[in-house]
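Accompanying notes for the structure given below.
Quick note: numbers below take in every heavy atom, side chains included, and nothing from hydrogens, waters or symmetry partners. Start at 1 and go down the list; that is how both ligands and their atoms are numbered. Keep in mind the model is a prediction, meaning the values are calculated, not measured.
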Amino acid sequence: MAYKNIIVDTEDNVCLIRLNRPEAMNALNLDLLGELGEALAEAQKNDKVRACVLTGSEKAFAAGADIKMMRDKSFVDVFTEDLFTPQERAVKVFRKPLIAAVAGYALGGGCELAMTADFIIAADTAKFGQPEVNLGVTPGMGGSVRLSRLVGRAKAMDMALTGRMMDAAEAERAGLVSRVVPAKKLIEEALAAARKIAEKSAISVMAIKEMVHRADEMPLSEAVLFERRLFHAMFATEDQKEGMSAFIEKRTPHFRDR
Ligand code: CAA
């Protein structure tokens, strides 16, 4: 598939998707988000792909939704087209692991897109923010909700109300990102993490992703029960026998996704 706003490379069972609108700091317009949705759908279908890394440029993961695209829209326009609902859904329905590798700005929709991934690895240059308040609007792709859940209400309110940015060190302290790495090593580290995941049983990986995401939508006891039932279900797989046997026999497991 030929894309104009993203670059997709698949190697070693890992799909690397780069947002590529350098002239606009990777601002998220509908073309870019549409292509991202298509690339993820392709990666979902491709059995060779076992994990994905989503990244931007050294300067910007993405500086938010495209303000130039939005400025002249009316309420009726955005409500009727349900702006960002199908685009967000296209990321959320992706069932394989998705790592956001963030360098530079991840603002507004950019921060929200990174938070929609399963986890974020940040370069030491990363800057996160929900500056929509500066534009006379609010976060619109899940930022007020996901940021609150990831870093707590106090920091989320601070960022969304003042529009200030959080640097990589603060983001790591706050739990927004899983780790911070030198900018030059960002892609290497993110791909290494994706390759590590790609070695596991795709069944347990998919189940872990599903249980963590479903838990966000459920009361604690239901979420723990859902986790336990999926854990029980793993005992119906060959990979459970292989993984546990390999441990006991002190050898590397050979998972077959069965
Ligand atoms: N939309 C459209 N274009 C954008 C953009 C955006 N979100 N962010 C940057 N650009 C464009 C700039 O307009 C500029 O284009 P021109 O050269 O044609 O003028 C180009 O990218 C480079 O940007 P700057 O000259 O501003 O670069 P800088 O280094 O001085 O500043 C920045 C970088 C701090 C990221 C600044 O560009 C900025 O603040 N961008 C906007 C951030 C923002 O408000 N994001 C939230 C958008 S709303 C949203 O996302 C809603 C939602 O929740 C879904």
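Under 4.0 Å from ligand 1, not a single heavy atom of Val137 appears. Residue-level proximity to ligand 1 for Ala65 is carried by backbone and side chain together, each with a heavy atom below 4.0 angstrom. Of all the heavy atoms of Gln130, none lies under 4.0 Å from any atom of ligand 1, so neither backbone nor side chain is involved.
One finds no salt bridge joining Arg256 and Glu242 here, because no Lys/Arg side-chain nitrogen approaches an Asp/Glu carboxylate oxygen to under 4.0 Å. The existence of a salt bridge linking Arg21 and Asp31 is excluded, since no basic side-chain nitrogen approaches an acidic carboxylate oxygen closer than 4.0 Å.
Environment of NZ in Lys73: crowded, with over 12 heavy atoms of neighbouring residues, nucleotides or ligands closer than 6.0 Å. Counting heavy atoms of neighbouring residues, nucleotides and ligands inside a 6.0 Å radius, atom CD of Glu23 exceeds 12 of them. Counting heavy-atom neighbours within 6.0 Å of Lys241 NZ, excluding the residue itself, gives a total above 12.
Those atoms of ligand 1 that come under 4.0 Å of a heavy atom in Ala24, given as number and element, are 4 (C), 9 (C), 10 (N), 11 (C), 21 (O).
For the pair Gly143 and ligand 1, no heavy-atom separation below 4.0 Å is found. The closest approach between Lys59 and ligand 1 stays at or above 4.0 Å for every heavy atom of the residue. Within the structure, the closest approach of Asn134 to ligand 1 does not fall below 4.0 Å when heavy atoms are considered.
For atom 43 (C) of ligand 1, the nearest non-hydrogen atom from the set Gly64, Gly108, Ala63 comes from Ala63.
Of the listed residues (Gln44, His213, Glu210), just one forms a side chain to side chain donor-acceptor pair (under 3.5 Å) with Arg95, and that residue is Glu210.
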From CA spacing to verdict: side-chain contact (heavy atoms from CB on, under 4.5 Å), Asn13, Arg195: CA-CA 7 Å; Asn13 297 119; Arg195 277 190 222 108; over 6 Å; no
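Using the six-membered ring where Trp is involved, Phe235 and Phe231 have ring planes that are perpendicular, over 60° apart on the 30 and 60° scheme.
Protein heavy atoms are found inside the 4.0 Å sphere centred on atom 15 (O) of ligand 1. Within the 4.0 Å cut-off (strictly below), no protein heavy atom is located near atom 36 (C) of ligand 1. Within a 4.0 Å radius of atom 24 (P) of ligand 1, the protein has no heavy atom.
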